[in-house]
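Note sheet for the following structure.
Model, not experiment: these values are computed from the prediction.
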Amino acid sequence: MLTTQTLWSKASRRRTSPLFWLWLLTGLLAGLPLPAQVTIIVDDIPANTPHDATLFLVGDFNDWNPGDAAYRFSRLPDSTYQITLMGAPDSFDYKVTRGNWSSVEGRPNGQARPNRTFLRREGGTARIEIATWEDLAGGVISWYTFLLLFSAGQGLLLILAIAGIQDNNRRANRLLFVLLGLTSFALIGRVSLYDRDLFTLFPKLFLAPEMILFLYAPIFYFYIQELLKFEDSLRLRRWMHFIPAGLHLLSYTPVLVRDDAEFRLMVIHGEIHTYVAIAGGFALLFNAFYWYRVWRILHSYDEKSSSTQSFEHNFQYLNGVMVLQGIVLAIWLFAYLIEALGLALPFPSTYIRERATDTAWFAFSFTSFLMGYFAMNHPEIFKLPKVVEKYKGSQLPDDELSTYKGRLVRVMEQDKAFMNPELTLSELSALVKTNTHTLSRVINEGFGRSFYDYVNAYRVQEFTRLMLSEAGKQETFLSLALQVGFNSKTTFNRAFKKITGTTPRAYLKEQQEAAETAVVAEPMRD
């Protein structure tokens with residue numbers, strides 16, 4: 001029995017046969033609808049295309065036979081190439097070759113391009129341009145692949161540099177080595193997608209980025225824990241965090257055991273795209289979960305440090321890492337939404353998704369390296385002093401509270417302990433001659449402030465005194481802030497605004513205007 005699909009297959013293969021029209025008329029008389037017609041026109045080909053080249057259409061309609069004579073393009077007088085398919089379905093995947101897979105069309109950089117997809121539009125005509133032929137591309141290196149290779153090389157150099165650091169964060173650094181190594185490995189895998197020679201030699205590097213999808217997040221999570229010496233509430237044995245990674249790797253075994261030639265064809269034809277997309281969706285949720293856990297650790301650490309330290313850690317770089325990772329996750333989600341939308345609407349979703357994926361990997365390449373550079377420059381920056389809990393839960397009598405308050409005030413006002421930019425609760429408790437828990441209670445209950453805010457209040461008070469003095473008028477705000485114990489401009493501005501409710505410049509202007517008003521009002525009182 002004749003079907004529309006049969007018409008599509010036979011009409012395409014026998015479109016030049018004199019018997020075709022008789023066969024087609026028989027089908028119409030049998031009551032079948034007229035087969036749909038699709039015309040594909042190649043408007044432009046690479047300049048280095050051989051003058052006697054023959055172009056072939058290859059796709060899922062002919063079992064991806066790259067040199068099928070039934071699908072040979074006709075060259076027209078205007079130098080375009082054209083083929084008309086009868087009975088074509090509403091959509092199909094295809095590419096253009098010069099007769100074999102080594103001469104298949106590629107991207108401008110020579111990379112194996114994904115399959116083209118025809119989606120029926122009015123008129124049934126698709127006009128395309130061939131950017132390159134893979135066998136004639138010649139190993140072009142784009143700025144994107146150059147940056148990926150540069151980042152991968154930087155990661156390997158950072159591993160060697162950090163290995164020479166002598167500090168107390170060796171466990172954290174070992175995890176950082178792994179993060180840098182995984183990142184470099186994944187970036188080289190991304191490059192293989194854009195470099196035909198590399199892909200030909202090591203096609204399975206294509207899976208390198210996929211292999212880290214369930215590995216990077218838990219290792220980064222453990223790295224932050226070790227770096228901050230912080231215990232999270234997510235209490236699982238460490239190996240349990242890597243169960244998804246193990247299952248993911250195991251699921252790729254049937255693909256990894258294929259020979260290289262077969263694997264290359266699977267990638268070119270997009271045969272593993274569906275599985276990669278599904279695994280990537282779960283990986284997106286997995287990575288988002290660990291991103292949230294790390295954010296909670298940083299938030300908790302920040303709160304805890306304010307009760308034991310009078311200065312702020314340099315969280316800018318970790319915040320920068322988290323922002324970059326958040327951007328990567330957002331772009332990742334956007335790529336999935338575009339892919340899903342492309343299944344429902346006829347628009348070039350593949351192009352948008354690929355550009356989004358490229359952008360996400362480019363942003364990701366900076367994260368581990370940012371951590372690496374900071375580990376080299378500030379290896380000892382994260383150290384919360386241990387708070388003595390011996391007297392925790394005991395009651396502090398009013399007279400004892402008053403005694404310690406008096407001692408604390410003398411140490412702060414007479415000895416000016418607040419001018420130590422790295423003053424900690426442990427150091428101040430030693431000066432007051434008590435333990436950290438008692439001093440913390442004295443500050444919280446006696447002054448209604450955290451340790452961080454209490455010390456910075458003295459610093460702001462001293463800053464305003466110096467700012468309004470004759471000598472202070474010759475100094476910059478930052479210079480005065482550093483003199484009174486602040487360790488950065490950002491910390492100073494934040495503390496000043498929190499305590500006074502205004503900025504240093506606005507505060508100075510208010511004080512100057514108040515002084516001028518007082519001078520004018522003085523004669524009136526006389």
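Looking at heavy atoms from C-beta onward, Leu85 lies out of side-chain contact with Phe118 at the 4.5 angstrom threshold. Taking 4.5 Å as the limit, every side-chain heavy atom of Lys498 sits out of range of all side-chain heavy atoms of Asn456. The shortest distance between side-chain heavy atoms of Val323 and Ile327 falls below 4.5 Å. Looking at Ile297 and Tyr221, their side chains come closer than 4.5 Å, going by heavy atoms from C-beta outward. Side chains of Asn62 and Val58 form a contact here, defined as non-hydrogen atoms less than 4.5 Å apart. Side-chain contact between Asp60 and Asn115 is absent, with no heavy atoms from C-beta onward closer than 4.5 Å. Using a 4.5 Å heavy-atom threshold, the side chains of Asp260 and Lys204 count as touching. Under the 4.5 Å side-chain criterion, counting only non-hydrogen atoms from C-beta, Leu318 is not in contact with Val294.
Residues Phe73 and Ile40 come closest through the heavy atom pair CE2-O, 3.7 Å. Between Thr39 and Gln37, the shortest heavy-atom contact is OG1-NE2, 4.1 Å. What you find for Trp361 and Arg190 is that their closest heavy atoms are CD1-NE, 3.5 Å.
Taking the six-membered ring for Trp and the full ring otherwise, Phe477 and Phe492 have centroids separated by 6.0 Å or more. Outside the 6.0 Å centre-distance limit, the rings of Phe486 and Phe496 are not counted as a close aromatic pair.
Counting only residues at least two apart or in different chains, salt bridge (Lys or Arg N to Asp or Glu O under 4.0 Å) contacts with residues 243-258 comprise Arg258-Glu262.
Applying the ring-ring contact (aromatic ring centres under 6.0 Å, His included) rule to Phe150 yields no partners; only residues at least two apart in sequence or on another chain are considered. Considering only residues two or more places apart in sequence or on other chains, Phe185 meets the ring-ring contact (aromatic ring centres under 6.0 Å, His included) condition with none of them. For Phe286, the ring-ring contact (aromatic ring centres under 6.0 Å, His included) partners two or more places apart in sequence, or in a different chain, are Phe214, Tyr290.
A salt bridge is defined here as a Lys NZ or Arg NE, NH1 or NH2 lying under 4.0 Å from an Asp or Glu carboxylate O, and Arg116 with Glu105 meets this definition.
Between Trp295 and His299, the ring planes lie parallel to each other; the angle is under 30°, not in the 30° to 60° tilted range. Note on ring orientation: taking the six-membered ring where Trp is involved, the planes of Phe362 and Tyr144 are tilted (angle from 30° to 60°).
With Val178 as reference, Ile219 is the one residue of Thr183, Ile219, Ile159, Asn173 to meet the side-chain contact (heavy atoms from CB on, under 4.5 Å) rule.
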Distance-only check: which donor-acceptor pairs under 3.5 Å involve side-chain atoms of residues 45-56, not counting sequence neighbours?
{"residue": "Asn48", "atom": "ND2", "partner": "Leu136", "partner atom": "O", "Å": "3.2"}
{"residue": "Thr49", "atom": "OG1", "partner": "Pro46", "partner atom": "O", "Å": "2.7"}
{"residue": "Thr49", "atom": "OG1", "partner": "Trp133", "partner atom": "NE1", "Å": "2.7"}

Would you be so kind as to tabulate the donor-acceptor pairs closer than 3.5 Å made by side chains of residues 242-252, with sequence neighbours excluded?
{"residue": "Ser251", "atom": "OG", "partner": "His248", "partner atom": "O", "Å": "2.5"}
{"residue": "Ser251", "atom": "OG", "partner": "Tyr275", "partner atom": "OH", "Å": "2.1"}

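Between the side chain of Ser300 and the backbone N or O of Arg296, at least one donor-acceptor pair lies under 3.5 Å.
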- [ ] Verify side chain to side chain donor-acceptor pair (under 3.5 Å) between Ser488 and Thr491, making sure each step is shown before the conclusion.
- [x] CA-CA 5 Å; Ser488 71; Thr491 304; 2.7 Å; yes

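By the 6.0 Å contact criterion, NZ on Lys497 is open, its count of non-hydrogen atoms from other residues, nucleotides or ligands being 12 or less.
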